[in-house]
Each structure stands twice: as structure tokens, then as C-alpha cells.
**Student:** 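Take this structure, written in C-alpha cells, and hold onto it; I'll ask about it next.
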Amino acid sequence: MTPIIFYGLALLVVLSALGVALARNILYSGFALLGTLLGVAGLYLFIGADFLGVAQLVIYVGGILVLILFAVLLTNRIGQVKISSLSVNRLVGAVAAALLFGLLFEVMLDTPWPQIEEAAAPTTARLGDAFLGEYLLPFELASLVLLMALVGAMVIARRAAKAPANSEAEAQAIRRLE
Amino acid sequence: MSWSNIGLHHYLIISAVLLTIGLFTVATRRNVVAILMGVELMLNAASLNFVAFSHYVHGSVAGQVFSVFIIILAAAEAAIALAIVLAIFRHFRVIDVEETATLRE
Amino acid sequence: MGDTYTAAFQKVHELGFLWLIPLFPLIGAAVNGILGKKLQDRFGKRAVHTIAVGAMVLSSLVACYAFIAKLLPAPAGERTFRDLVFPMIQLGALQVDFALLLDQLSGTMTLIITLIGTLIHVYSIGYMAGEKSYWRFFSYLNLFVFSMLLLVLGDSFILMFFGWEGVGLCSYLLIGFWYTDRSKAAAGMKAFVVNRVGDFAFCCGMFLLFWGLGGAWEHDRFYQQEVTSVQVVRVDPSAHHAGTGHGDEIAHAAQPAAAAAAAAGHGTAGAGTTGEPTTVRIGPTVMFHELRQQLAITRSDGVRPLAERMTGSTVWGIPILFLVGLCFFIGAAGKSAQIPLYVWLPDAMAGPTPVSALIHAATMVTAGVYMVARLNFVFWLSPGAMTVVATVGAVTALFAATMGLFQYDIKKVLAYSTVSQLGYMFIGVGVGAWWAGIFHLLTHAAFKACLFLGSGSVIHGMHFLAHHGHGNDGDDHQQRDLRLRADPADPQDMRNMGGLAKLMPRTRLTYLIACISIAGFPIAAGFYSKDEILWKAMANGSTLVPGPLLWFVGFLAAGCTSFYMFRSYYFTFFHREATAEMKHHVHESPACMTYVLWALAGLAVVTGPILGFPMLWTGSEPLFEQWLHPVTSLGPFRQHIESHGLEWALMLASVGIATLGWLTARFFYRDAAATERKLADLKSRFAGTHRLLYNKYWVDEIYQATVVRGFMALSRCLATIDKKIVDGLVNATSPLIRGASWLSGWIDRTFVDGAVNGVGAVVIALGRHGRRLQTGRINNYAYGVVVGVIVLFLFPSLMK
């Protein structure tokens with residue numbers, strides 16, 4: 001029974017990832033990404049990383065994906081029926097990707113991985129210990145990073161107050177440089 | 001590596017597939033948001049690798065800690081990137097990387 | 001392994017308060033940097049400089065206390081204090097502590113930095129009084145002192161590098177302090193970029209040394225050596241230690257004269273074995289005291305196993321220690337403005353004059369000398385590296401001195417003089433006379449700071465020129481470049497000065513004292529340090545270049561030094577009557593400036609005779625040599641020539657050439673009317689030489705034409721390759737074929753035409769086709785990832 005769950009999840013991940021890569025409409029890509037993220041969350045749960053699986057659900061699916069969909073909608077005229085997403089040089093891309101995959105596969109087979117047998121056990125408590133112990137400093141720094149990202153995002157996305165005057169001056173400066 | 005006994009190799013293959021599909025997306029898409037999705041795929045691949053190694057090789061939660069950091073960074077990255085996308089869109093009225101590459105030369 | 005080991009190194013004690021020394025300037029910098037503007041607006045400039053100078057005074061008090069109350073009373077050979085502030089990094093074999101190390105060498109440097117730093121802070125109060133962003137200046141200055149103290153006190157390469165970059169940053173900020181002036185901002189940029197070259201080499205040296213300590217390549221595999229430790233019996237390094245050397249050291253010590261000299265010099269402590277067992281950590285390290293201890297370990301048969309192993313190991317067939325020494329020296333050359341990286345220092349004179357005095361004369365530029373002296377145990381093991389150091393130092397000393405001969409900008413004269421004097425210091429440390437190099441550093445800090453501040457005082461007085469707005473816009477640039485006439489609005493041009501002796505008597509007198517000191521007359525400090533360096537260069541047996549040659553180059557440079565210093569002195573203070581306008585405007589600088597001048601002039605006289613009375617005169621080693629000996633005692637000075645008569649003769653010769661330089665300068669520049677006549681005659685005869693020297697051998701222009709343009713051409717070429725190959729991959733075959741035919745046409749055009757039209761055409765063609773440095777497409781960059789990963793994977797299999 002268990003392998004079947006795994007293969008189901010794997011199929012979901014791979015197929016929806018392909019959907020992200022190939023869909024003609026970017027909205028479909030976004031929804032395919034939802035499938036991938038869900039599948040990866042399932043894979044986490046499958047090997048006992050319960051906290052991580054839930055975090056993946058909440059943050060990725062609940063946060064990041066929604067952000068991405070917002071971006072899709074904000075940057076396209078809503079009235080447009082088909083929000084297309086062009087692709088270029090698919091052939092070359094496929095060759096490069098295949099090359100990379102081949103290399104990764106080769107390395108994976110060549111390397112004698114040491115393996116341990118461990119039963120899937122809940123890790124939330126141990127993870128909490130790790131964050132408040134060994135990894136306390138990086139953990140706190142991460143909060144700083146998030147804060148800065150928040151402020152930075154606002155600064156960038158905010159409409160500049162004197163946008164027209166600025167852009168005029170910039171345009172002049174650019175003309176002078178040329 | 002057997003079909004019925006799920007092990008490290010299965011996870012590594014899935015993660016490799018995710019990574020290459022993500023790379024393919026980044027390399028072929030012209031829409032900035034789609035490229036961003038490709039990056040998310042690649043991040044997920046790396047994260048999956050961390051968790052798999054942590055479970056099958058190391059036996060500690062260290063890998064999961066890194067995964068959490070990856071998720072945190074992905075969130076920060078998404079926020080910043082989308083702000084940039086909005087700024088680009090306001091400026092060019094389009095978010096196609098071919099047409100916004102005006103900084104070259 | 002039943003062998004007993006001994007090692008001569010200083011016992012390490014704890015002090016507990018060393019961290020206070022750099023802390024105060026850091027606080028000062030932070031307060032002024034963050035709150036400075038508000039403080040200045042609310043409480044006036046007094047608040048700003050009270051904080052900055054207060055921080056410096058506190059720091060120098062602590063430094064003096066540590067030096068006088070702790071370092072001096074400690075028994076010789078136990079004068080090392082190491083305070084662990086906190087452990088920074090622990091990663092495998094790498095262990096980096098935030099630890100400060102105070103010993104004889106860093107103690108001396110700390111005193112120089114804090115004391116001269118304090119004096120210059122005080123001087124700046126007067127000099128920068130009219131400046132709007134006063135707080136910014138003092139904040140930078142304090143930050144500089146902090147970084148410099150970290151550089152000097154740090155006990156590891158990492159910490160030293162931290163300070164090294166910090167002083168580079170502050171130097172950049174302060175050179176470009178008046179950043180609204182484009183040329184000044186550019187000068188800061190130039191200093192920064194040139195220093196990067198040196199910093200890169202510094203890093204390479206650090207990595208190489210760490211790597212070399214850790215293991216070895218054998219049969220194409222890297223063998224990592226475990227970190228172990230060994231019990232050794234510590235020997236007092238202040239004692240004489242002949243016979244503990246290995247290989248060539250024994251050969252040198254076998255020369256009876258040298259051994260006798262060493263024995264006579266190095267005190268009476270006898271065998272000096274203290275018998276205390278100490279644990280020494282062996283393996284890769286970045287900490288100075290550990291490295292020093294490792295290299296000093298001596299087996300009972302007199303062999304130093306680790307030093308032996310280091311001298312024996314090679315990489316690509318080159319001795320690793322030579323490479324390490326070379327890399328570190330390139331780093332030092334960047335910071336200390338040696339050939340070929342000296343070009344930034346003359347431009348750095350764009351900064352405010354106190355900055356030139358503190359950073360570009362007394363402290364930062366000597367960091368390279370300090371580093372070489374600090375790593376004396378590494379350099380000593382590699383005569384090849386010592387040769388490079390001494391030779392480059394000697395060439396720079398003469399080269400820069402000749403460039404200084406005919407400059408008209410008073411600060412440029414001093415800048416070239418600084419480069420030249422730094423060359424002397426490198427001769428000193430290069431021939432193994434570590435103490436002489438550091439001693440010259442000490443005396444130079446005093447007299448050059450005095451000269452710079454004196455020139456600053458003059459510029460301060462002459463500043464009315466700039467305000468009078470004679471305006472140099474209409475000035476014919478070409479003509480001004482040939483310096484047929486001075487820019488009348490330039491307060492630094494010596495041709496606008498003259499006759500200032502009566503108007504600025506105190507400045508003039510202190511300037512004269514410093515001139516006497518630098519020129520090398522035995523009544524002041526410069527003589528003692530310079531002569532010691534010259535004698536050691538003559539007598540040394542370390543360098544592969546013969547000592548007498550080094551001496552001769554340094555000797556010529558000494559004559560030039562005396563000439564251009566007195567030339568600037570006469571040009572500024574005599575030369576012609578002061579104009580009425582000058583009499584009206586020019587007046588002596590405020591007291592806070594002149595007191596500082598007097599203090600520095602005093603130091604420029606007394607430090608020499610007190611610390612460096614030559615052995616020839618007294619029969620015992622100079623105080624300063626005895627003081628530094630325990631730090632630099634891995635091996636004795638390799639003395640090659642021993643002759644009192646010769647030493648006397650050299651001394652007389654160098655005083656003679658200094659007098660000659662002085663008299664020549666007096667003959668030509670004392671009186672303007674006579675000058676014109678005599679010079680016109682000479683100039684017509686040696687016009688070419690004068691132009692060559694005046695234009696500083698066109699080195700800047702040559703760099704522009706070769707290095708800068710070459711680099712641009714290279715990057716364009718790379719851009720072309722990038723564009724063609726990456727785009728070719730992207731667009732698959734048809735553009736490839738087009739590209740190939742285009743490429744053949746391009747080769748045809750470029751090479752056939754290039755052969756005809758010369759290099760210029762190549763550059764133009766490359767530039768035309770390679771203007772696109774970046775494709776600007778994210779898609780294309782993704783392929784860069786793939787290529788990178790593939791290379792990374794394939795690299796190990798190719799290495800097999």
C-alpha cells in the first residue's frame with residue numbers, strides 16, 4: 001500500500017511540474033504549481049517530516065502561491081480571456097535539462113550513499129529544539145531577513161510620489177549620457 | 001533500488017526531475033512570473049533533497065532545519081520578486097523578459 | 001618520537017582590557033556617524049570633536065597604560081599578552097578567535113597609532129574648522145583608527161584582514177571626502193581599486209599558507225594533516241639561540257664573525273631554558289602566535305621539523321613559502337604603495353591634509369611593512385621572498401625619489417617622498433633587519449606627519465587663493481600640464497608660495513626640523529633609522545641580490561630625498577618676497593595646529609637617538625633592536641660583511657650626500673631671481689630628463705594605455721565570446737552557420753586589417769562587436785547554470 005501512495009504523489013509532482021513548464025496559459029501554470037507544492041508536501045509527510053509538510057502547505061500554498069496568482073492577475077488585463085505565456089527555444093532548453101538530469105542521475109548512481117534505517121517519527125519537537133538551540137542565531141537572522149524583505153517589497157512596489165518629474169529628469173539624464 | 005521499498009534513490013530522482021523541469025521553465029519562459037514559478041520548483045527540489053538526506057542518511061533534523069530556511073527565503077524572495085514585477089509592469093506595461101532587457105549594452 | 005622538543009617563543013599572558021583600545025574609537029565613530037549631524041546642529045562643532053578626540057585620548061591612555069605598566073615591566077621574553085574576546089569560527093581544522101595580541105611589535109604600533117592619531121585629531125579641529133560636514137570627517141577618522149588598531153592588534157590573518165579592509169574603506173571615504181569634486185571622488189576610487197589587487201594577493205597568501213600548513217599533494221591526492229599538539233620546552237627567545245637553527249642558518253652561524261656579533265648582542269640570559277613544558281598546537285592555523293610557535297619547534301639535534309617541512313614543500317615546483325611570501329608582499333605593496341601598485345598614493349593627496357598625514361604617511365601605508373615584520377618568521381625561511389621584498393623596496397625608493405624631484409604641488413612632493421621612504425622600510429624588512437624597518441616606520445611616522453601637517457598649515461594659510469576665485473576654467477590645460485606657469489588659484493602649488501618664513505615662523509621652523517630629520521643629518525631621528533637600514537642592506541647575506549647594490553640604490557635615493565625636501569622648504573618659505581596680498585591674508589595657524597607641529601617635530605628629533613643609537617658608537621645593540629628581538633628571533637640576521645671601518649665610511653658617505661642634496665637645493669631655490677637664471681640654463685640642457693621626471697615617467701599614462709585599456713579590450717573580447725557562444729547555443733544551428741561565416745569575415749577583417757592598422761584597429765573591432773557585455777535575458781543565464789554544473793561535475797573526473 002505505501003509504495004502506491006508514494007508513486008501517486010510522485011506522479012502528481014512530476015505531472016503538475018510539467019504543467020507549470022508547458023501550459024500555454026499562465027493561470028494554468030499557477031494552478032499546476034499548486035499541484036506540485038501539494039505533492040511535495042505529501043512527500044514530506046511520507047518520510048515523517050510532519051512539521052515541514054504542514055509548513056509547506058501553509059507558507060507555499062497559502063502564501064507564496066497566492067502572491068504569484070496575484071502577480072499574474074495584477075500584471076494582465078483582467079478582461080483578457082487568454083493570458084498567454086510564450087515560450088522560446090524549447091528544444092535547446094529540453095536538451096540542456098536532459099543533460100543536467102543525466103548528470104544528476106549518474107552521480108546519484110555512482111555515489112555509495114550510507115543509509116540508516118529510521119522509523120518515521122514526528123519531528124516537530126526535535127525541530128523546535130534545534131531552532132531554539134543550535135540554530136538560534138540563523139533563526140533570528142531569518143526573521144530579520146523577512147522583515148527586510150517586507151520593507152523592501154513595500155519600498156519597491158510603492159508608487160513613487162513624484163513619479164512623472166523623476167522620470168522626466170531621468171530621461172534627460174539618460175539622453176545626456178547618450 | 002527496488003520498486004516496492006521506497007528509499008533515498010526515489011526521492012533523489014523526483015528531486016532531480018523537479019530541478020530539471022524548473023530549469024527548463026526558467027530557460028524557456030518569457031513571462032517573469034512564469035520564470036519565478038520555475039525558480040520555486042528548483043527551490044522545492046533542493047528542499048526535498050535536504051529532507052530526504054536528513055531522513056535516510058543523517059538521521060537528524062538538520063536537513064529539515066535547512067528546508068525551513070529555504071521556505072523562509074522563498075517567501076522573502078517571492079515578496080521581493082513580485083514587488084519588482086509590479087514595478088517593471090508599471091514601467092513597461094509588459095512583463096516579458098525579452099522586451100524589458102533594456103539595461104544591456 | 002621519544003625526542004624532546006624545545007621552542008623559543010614568548011610566554012603568553014592574559015591582560016583582560018586590551019579590547020578597550022579599539023573600542024573607544026569605534027564608539028566615537030558610531031556616535032558621530034549616527035548622531036553627529038544632530039549634535040553638530042544642536043551643540044555646535046565642539047560636541048563633535050569632543051567626542052572624537054575624547055575617544056582617542058581614552059584609547060591612547062589605555063594603550064599607554066598597557067604599554068608602560070604591563071608590557072615594559074614584564075620580563076623580556078614574556079612580553080606577549082593575548083586577550084580572547086570571543087571565539088569566532090570553528091570549522092574543521094580552522095579555528096579563528098577574535099583575539100587581540102599585544103607584544104613588542106604591536107605595542108609599538110599601537111602607541112604610534114593612538115598617539116599620532118590623537119595629535120592629528122587635535123590638529124584637525126583647527127584645519128577642518130570651516131567644514132560643513134565636520135561630524136562626517138571625525139566619524140571616518142575614528143573609524144579609521146579603530147580599523148587600524150584591529151589590523152595591528154589582531155592575532156590572526158582573518159582579523160588583520162578585517163582591519164586591512166577597514167582601513168582601505170576609510171582611506172577611500174576620506175580621500176573622496178569632498179566627493180562633489182569629481183576628480184577627488186575618482187582619486188578615492190583609484191585607491192580602492194588598486195588596493196583590491198593587493199587584497200586579492202593577501203587572500204591568496206593566506207589560503208596558500210593555511211593550505212600548506214595542513215597537508216601536501218602527493219601522487220595527485222591531497223593529504224590532510226590532522227591537527228595535533230606536541231609538548232615542548234619553552235626557551236626564552238630574548239636569549240641567544242645560536243645552534244638551534246637548521247640548514248643554512250647553521251651555515252651562516254658558522255661564520256665566526258656573525259656568531260660573535262649575535263652572541264654579543266643578544267644579552268646575558270645564558271641558555272635561557274626555562275624548562276616549563278608547554279603544549280603547542282600543530283596543524284593548519286591562521287593565528288600568528290600559533291604559527292610562530294609551530295615554526296620555532298626544534299628537535300634536540302637542532303632541526304626544526306615543521307619549518308623544515310614548510311621550506312621543503314612545493315606547489316607546481318615552486319617553494320610554497322616563496323609563493324606565500326610573494327603573495328603577502330603583493331598585498332603589502334598595494335597597501336604600502338610599492339611598485340607597481342604605488343600609483344594611487346600621489347592621487348590620494350586629494351583628501352584633506354590631516355588625512356594625508358594620518359593615513360597616507362604615518363599609519364595605514366605602513367601596514368604593509370608591519371605585516372611583513374609580523375610575518376618575519378615566514379619571510380625569514382624564504383630568502384627568495386626576502387629578495388623580492390628588498391629589491392622592490394630599493395627600486396621604489398629610488399624611483400619615487402626621482403619622481404619627487406621636480407613636483408610643484410607641495411603635497412605631491414611629500415607623497416612621492418612617502419612612497420620612497422616606504423621603500424626604505426621594505427629594504428629593511430626585506431634584508432632581515434626587521435627592527436630597522438620598524439624603527440624607520442616609527443621615525444617616519446613622526447617626521448612625515450610633521451611635514452604633512454606643516455604643509456597643511458601652509459595650505460591653510462594660502463587658502464585665500466582658492467576663495468579669490470581666480471578661476472581656472474579658462475586655463476589652458478595643455479600648457480598647465482607642462483607647468484610653464486602655475487594655476488594662480490591653487491593653494492598647494494609651491495610657485496604661488498615663497499617668502500612665508502616671516503609670516504609663519506612656527507610652521508617654518510618645525511618644517512625645517514622635519515626636513516633635517518628626513519634628509520638624514522645625525523642630529524635628528526631619520527639618520528639613525530635610515531643609516532641602519534642602509535648598513536644592514538650592505539651587510540646582509542639573505543638576499544640573492546648583492547647587498548652593496550641595494551645599498552647604492554638606497555644611497556642615491558637618500559641624496560634625492562635631501563634635495564627635494566630642502567627644495568620644497570626653500571620654495572615655500574624663501575624663494576621670493578611675499579606679495580602684499582599674501583602679507584595681508586597669510587597668518588600663522590591656530591594654536592591647536594602649531595602645538596601639534598611642535599610635538600611632532602620634537603618626536604622627529606628625539607626618537608632616533610634614544611631608541612636607535614647605533615651599535616658602532618656604543619658597543620651595545622640599539623634599545624629598539626633589543627626590544628623587538630624576542631618577536632623577530634626565529635633566526636638571526638644573516639650578516640655577510642663585518643667591518644667597522646666600512647660602517648663608518650658609509651655613515652660619512654650618507655651624511656655627505658645629504659649635505660650635497662641640501663646645498664644643491666639651497667643653491668637653486670633659495671632665491672627666485674638666481675633660480676630662474678640657473679634653472680633656465682640647466683633646463684635647456686636637460687629638458688628631456690626634466691620632462692621625464694616631471695611627468696613621473698608617464699607611469700599613469702602607461703597604465704592607462706596597457707592595463708586599463710587592455711583589461712577593457714579583454715572584457716570586450718570575453719563579451720564577444722559570451723554573446724556568440726551562448727546565443728549560438730540558444731539559436732541552434734542556423735545562426736551558428738551564419739556566425740561561422742561572420743566569424744571568418746571578422747577574423748579576416750580583424751587580423752588582416754589589424755596587422756595593417758596595428759593594435760588600435762583590434763581594440764576598435766573588438767569593441768564594436770563586443771559592446772553587449774550582457775545579453776540581459778534571464779533565459780540565457782539559465783544555461784550558464786547548466787554549464788557551471790556540468791563543469792563542476794566533470795572537473796573531478798578530469799583531475800583523476
Side-chain angles (χ1 to χ4, degrees), chain A residues 2-3 6 10 13-14 17-18 20-21 26 29 33 36-37 40 43-44 47-49 52 55-56 59-60 63-64 67-68 71-72 74-75 85-90 93-94 96-97 100-101 104-105 108 113-116 118 123 126-127 130-131 135 138 142 145-146 149-150 152-153 156-157, chain B residues 3-4 6-14 16-25 27-31 33-34 36-38 40-41 44 47-48 51-52 55-57 59 61-62 64-65 67-69 71-80 82-87 89-90 95-96 98:
Chain A
T2 20
F6 175 81
V13 168
V14 173
L18 282 175
V20 173
I26 192 163
S29 281
L33 186 62
T36 313
L37 298 176
V40 172
L43 287 177
Y44 287 158
I47 43 173
L52 207 57
Q56 168 95 359
I59 300 174
Y60 258 113
I64 298 174
L67 262 178
I68 289 180
V72 170
L74 282 174
T75 54
S85 172
L86 287 171
S87 290
V88 286
N89 294 312
R90 283 212 166 146
L100 182 65
F101 182 77
L104 287 174
F105 196 76
M108 185 194 81
W113 305 105
Q115 295 217 15
I116 54 160
E118 198 190 21
T123 54
R126 283 157 69 200
L127 209 55
F131 274 127
Y135 299 97
V145 169
L146 281 176
L150 199 69
I156 296 171
Chain B
W3 288 106
S4 58
I6 306 299
L8 180 64
H9 284 121
H10 297 79
Y11 272 84
L12 292 187
I13 288 173
I14 291 190
V17 169
L18 260 185
L19 184 85
T20 43
I21 293 178
L23 185 87
F24 176 79
T25 313
T28 56
R29 290 293 200 186
R30 288 175 54 178
N31 187 317
V33 180
L36 198 64
M37 291 182 196
E40 297 294 347
L41 288 185
N44 261 289
S47 182
L48 196 59
V51 177
H55 183 79
Y56 288 108
V57 177
V61 294
Q64 296 193 22
V65 170
S67 283
V68 172
F69 283 128
I71 293 180
I72 291 172
L73 286 181
E77 173 241 344
I80 295 281
L82 294 176
I84 294 173
V85 166
L86 283 184
F89 181 70
R90 264 212 308 276
I95 49 168
D96 187 311
E98 296 275 318

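These figures come from a predicted structure and were not determined experimentally. Protein chains get the first letters and strands the later ones, always in sequence-line order, with residue 1 at the start of each.
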**Student:** Checking heavy atoms, do the side chain of Ile14(B), its backbone, both or neither come under 4.5 Å from chain A?
**Tutor:** side chain
**Student:** Should Val145(A) and Ile72(B) count as side-chain neighbours, where that means a heavy-atom distance under 4.5 Å?
**Tutor:**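 A side-chain contact is absent here, since even the closest heavy-atom pair is not under 4.5 Å.
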**Student:** Tell me, with the steps shown, if Leu33(A) and Leu41(B) meet side chain to side chain contact (heavy atoms under 4.5 Å, CB included).
**Tutor:** CA-CA 8 Å; Leu33(A) 186 62; Leu41(B) 288 185; 3.7 Å; yes
**Student:** What option among Ala87(B), Ser67(B), Ala27(B), Ala16(B) has the most heavy-atom pairs under 4.5 Å with chain A?
**Tutor:** Ala16(B)
**Student:** Under a 4.5 Å heavy-atom cut-off, does chain A meet the side chain of Leu18(B), its backbone, both or neither?
**Tutor:**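 The side chain, not the backbone.
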**Student:** Side chain, backbone, both or neither: which part of Ile59(A) has an atom under 4.5 Å from a heavy atom of chain B?
**Tutor:**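 The side chain, not the backbone.
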**Student:** Search all heavy atoms of Phe24(B) against all heavy atoms of Gly93(A) and return the closest pair with its distance.
**Tutor:** CD1-C, 3.5 Å
**Student:** Could you check which of Ala149(A), Ala130(A), Ala142(A) has the highest count of heavy-atom pairs closer than 4.5 Å to chain B?
**Tutor:** Ala149(A)
**Student:** The criterion is ring-ring contact (aromatic ring centres under 6.0 Å, His included); which residues satisfy it with Tyr135(A), sequence neighbours excluded?
**Tutor:**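 For Tyr135(A) there are no ring-ring contact (aromatic ring centres under 6.0 Å, His included) partners, ignoring immediate neighbours.
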**Student:** Considering all heavy atoms of both residues, which atom of Ala21(A) and which atom of Thr25(B) are nearest to each other, and what is their separation?
**Tutor:**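 Between these two residues, the closest heavy atoms are CB-OG1, 3.4 Å.
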**Student:** Where is the tightest heavy-atom contact between Leu82(B) and Ala71(A), given as atom of each residue plus distance?
**Tutor:** CD2-CB, 3.3 Å
**Student:** Please report the shortest heavy-atom distance between Ala153(A) and Ile80(B), naming the atom on each side.
**Tutor:** N-CD1, 3.8 Å
**Student:** Using every non-hydrogen atom in the two residues, find where Ile47(A) and Ala52(B) come nearest and quote the distance to one decimal.
**Tutor:**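 The answer is CD1-CA, 4.1 Å.
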**Student:** Between Ile21(B) and Val20(A), is there a side-chain heavy-atom distance shorter than 4.5 Å?
**Tutor:** no
**Student:** Would you tell me whether Tyr44(A) and Gln64(B) have side-chain atoms, one donor and one acceptor, within less than 3.5 Å of each other?
**Tutor:**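 No.
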**Student:** Considering only heavy atoms and a distance below 4.5 Å, find which of Val13(A), Leu43(A), Val14(A) pairs most often with chain B.
**Tutor:**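 Top count of heavy-atom pairs under 4.5 Å with chain B: Leu43(A).
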**Student:** In terms of heavy-atom pairs under 4.5 Å, which option from Leu48(B), Val65(B), Ile71(B) contacts chain A the most?
**Tutor:**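 Top option by heavy-atom pairs under 4.5 Å: Val65(B).
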**Student:** Whether the side chain of Tyr60(A) engages the backbone of Ala74(B) through a donor-acceptor N/O pair (distance < 3.5 Å, no angle test) should be reported.
**Tutor:** no
**Student:** Quick check for you: among Leu146(A), Leu37(A), Leu127(A), Val40(A), which has the greatest number of heavy-atom pairs under 4.5 Å with chain B?
**Tutor:** Leu127(A)
**Student:** Who are the side chain to side chain donor-acceptor pair (under 3.5 Å) partners of Thr36(A), not counting sequence neighbours?
**Tutor:**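 Thr36(A) satisfies side chain to side chain donor-acceptor pair (under 3.5 Å) with Ser16(A) only.
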**Student:** What's the spacing between Phe6(A) CZ and Ile6(B) CD1 if we round to 0.5 Å?
**Tutor:**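 Going from the CZ atom of Phe6(A) to the CD1 atom of Ile6(B) covers 5.0 Å.
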**Student:** Which of the residues Val33(B), Asn44(B), Leu12(B) is involved in the greatest number of heavy-atom pairs with chain A at under 4.5 angstrom?
**Tutor:**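 Heavy-atom pair counts peak at Asn44(B).
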**Student:** So, taking the atom named CG in Leu100(A) and the one named CG in Leu19(B), what distance separates them when rounded to the nearest 0.5 Å?
**Tutor:**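 Taking CG in Leu100(A) and CG in Leu19(B), the distance rounds to 5.5 Å.
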**Student:** Would you call Arg29(B) and Ile26(A) a side-chain contact if the rule is heavy atoms closer than 4.5 Å?
**Tutor:** no
**Student:** For chain A, which of Val68(B), Ile84(B), Leu86(B), Val85(B) has the most heavy-atom pairs under 4.5 Å?
**Tutor:** Val68(B)
**Student:** For residues Phe101(A) and Ile13(B), report the shortest heavy-atom separation together with the two atoms involved.
**Tutor:**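 Nearest pair, atom of Phe101(A) first, then Ile13(B): CE1-O, 4.2 Å.
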**Student:** Which bit of Ala94(A) is near chain B, if near means a heavy-atom gap under 4.5 Å: side chain, backbone, both or neither?
**Tutor:** both
**Student:** Which atoms of Leu150(A) come close to chain B, meaning under 4.5 Å heavy atom to heavy atom: side chain ones, backbone ones, both, or neither?
**Tutor:** neither
